[in-house]
There are 2 protein chains.
Amino acid sequence: MKILIVEDEIGIANFLKQGLEEEGYDVLVANDGKTGYDLALSQKVNVILLDWILPQMTGIEVCKSIRKTDSKTPIIFLTAKDTVQETIEGLKAGANDYIKKPFSFDELVERIKIHFRNENENDEMSLGNIKIIKSKHQILVDNQEIAFTQREFELLGYLIKNKGKVCTRNQIIEDVWDIHFEYDTGVIDVFMNAIRKKLNLNKDEELIKTIRGVGYIANDLN
Amino acid sequence: MKILIVEDEIGIANFLKQGLEEEGYDVLVANDGKTGYDLALSQKVNVILLDWILPQMTGIEVCKSIRKTDSKTPIIFLTAKDTVQETIEGLKAGANDYIKKPFSFDELVERIKIHFRNENENDEMSLGNIKIIKSKHQILVDNQEIAFTQREFELLGYLIKNKGKVCTRNQIIEDVWDIHFEYDTGVIDVFMNAIRKKLNLNKDEELIKTIRGVGYIANDLN
DNA sequence: AATAAATAATGAAAATTCTAATAGTTGAAG
DNA sequence: CTTCAACTATTAGAATTTTCATTATTTATT
């Protein structure tokens, strides 16, 4: 998890860098707007902390320029410009949050974490003797790898991520198939069948259960 | 775009409701925590504005309960509890933003818009004589519909959404194929070929160009 | 200008995904 | 306890997606 700090006051930059490194983040510092802009586009950065008043390019300019090519990376303004007008200008430039100096470091950390919540989704998850490793695209049953296709992998991953909760067919179509228009299909059942076959589960086993009229649920048996 | 307001002070709730409706949002109001929680789960809401002090369930309880089953819908605390401690508690409960009363209505609107940026992606887009309508899953060339498969549709849509910018093969695999693990493939080229055939474009036409060594770009010709 | 090396386009076969039809189950109503 | 209706599982075949090999094109080098 890499954070880019764009801040010209060395003292503040160092204070932030040290604090965030203690929190376990990789930190990159740029002391002027132009360098910040270049780093934002060239490095894979997860969050950008941006001052407003900077040499070379202002924070607003940096923010707008980044947004021209990258609409996703979260940008947090961190500035002494504290009027409502300025806050709105910063947000309109494409920022995701706007924190006024002086700020609480703990609150900053918490506001940074908001943007990591999704990326933090566990790379490794397990359900009974099944283990799933997203980054390697692997599924192990009793430490033995079993080949899963893309869709099978995603569907099983989704059920395990939500283990203990019922996943409705609608939720599955939305979240796994990413289909947001009206669509009537029986494809989920077909894939559940394929997954159960590969895992050697028959349909009355507790590990993955059918909830009649609703959907499916994965259960850790403790 | 539907906003749920969970607020027990009728005056504030009405003020917010009216203001947000003028901004063009659909607004739903709950006057106590329990009702708010029920509505949040039963209705398809895009953003939730949450007060802290509420009858039945506190905002914190509502927030935590929603997050148990719904980890996505943005929750914005809107409260008079203004200490750093409380802000952090609110954010840790799963909120996405924390605005202290009294607040500027304009700033609230701007902070709400942050969460709509992604969903606001244009339903209709065009490139030259090509028109794409996401909600209907349609592609029209000179007002004549042409059948596209799912992947073809998504890839062309991605290029048009980013028209004027080069899309690298890596970006395309990440954003269109949603593949985040190491993966070497030539599948993009195959689909570009299929798309060009359907659109009757040969490879040196300006509308969709190959950028050698990088990827592809869609260009509006003006 | 000729050649080689790298990259892209293309076609066809393989694999996956999806549809649609059939068989099997479940649970409610009588 | 049966019967029926609604839902789920399973299968096979159709459509889409992906891989892989071949051909074509571009760029750099001689």
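None of these values were measured; they are calculated from a predicted model. Letters go in sequence order (proteins before strands), and every chain restarts at 1.
Under the 4.0 Å criterion applied to side-chain N and carboxylate O atoms, B:Lys209 and B:Asp204 are not assigned as salt-bridge partners. Remark: A:Lys72 engages B:Asp175 in a salt bridge, criterion side-chain N to carboxylate O under 4.0 Å. Salt bridge status for A:Asp97 with A:Arg111: present, with a side-chain N to carboxylate O gap under 4.0 Å.
Among the heavy atoms of the strands, none lies under 4.0 Å from B:Leu155. Using a 4.0 Å heavy-atom criterion, one finds that B:Phe153 contacts no nucleic acid atom at all.
With a 6.0 Å cutoff to the six-membered ring centre and a 45° limit on the axis angle, A:Lys136 does not count as a cation-pi contact of B:Phe181.
The backbone N or O of A:Arg67 sits nowhere less than 3.5 Å from a side-chain atom of A:Ser71 that would complete a donor-acceptor pair. With hydrogens and angles ignored, the 3.5 Å screen pairs no side-chain donor or acceptor of B:Arg196 with any backbone N or O of B:Leu199. At least one donor-acceptor pair under 3.5 Å links the side chain of A:Lys198 to the backbone N or O of A:Ala147.
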In B/S/- notation (B base, S sugar-phosphate only, - none; protein heavy atoms under 4.0 Å), nucleotides 18-30 of chain C written 5' to 3' is BBB-----BS---
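Within the 6.0 Å centre-distance limit, the rings of B:Phe77 and B:Tyr98 are counted as a close aromatic pair.
Atom-to-atom, CD of A:Gln150 to P of C:dT17 comes out at 7 Å; the value is rounded to the nearest Å. Between the P atom of C:dA9 and the CG atom of B:Leu201 lies a distance of 12 Å, rounded to the nearest Å.
Chain B approaches DNA chain D over the interval D:dT16 to D:dT27, counting the first and last nucleotide 5' to 3' with an atom under 4.0 Å from its heavy atoms.
In this structure, A:Thr149 does not reach the C:dA15 phosphate: none of its side-chain N or O atoms is under 4.0 Å from OP1 or OP2. Proximity of B:Asn193 to the phosphate of C:dT10: a side-chain N or O atom is located under 4.0 Å from OP1 or OP2.
Taking the nucleotide of DNA chain C with the nearest heavy atom to each of A:Phe148 and B:Val214, the more 5' of the two is matched to B:Val214.
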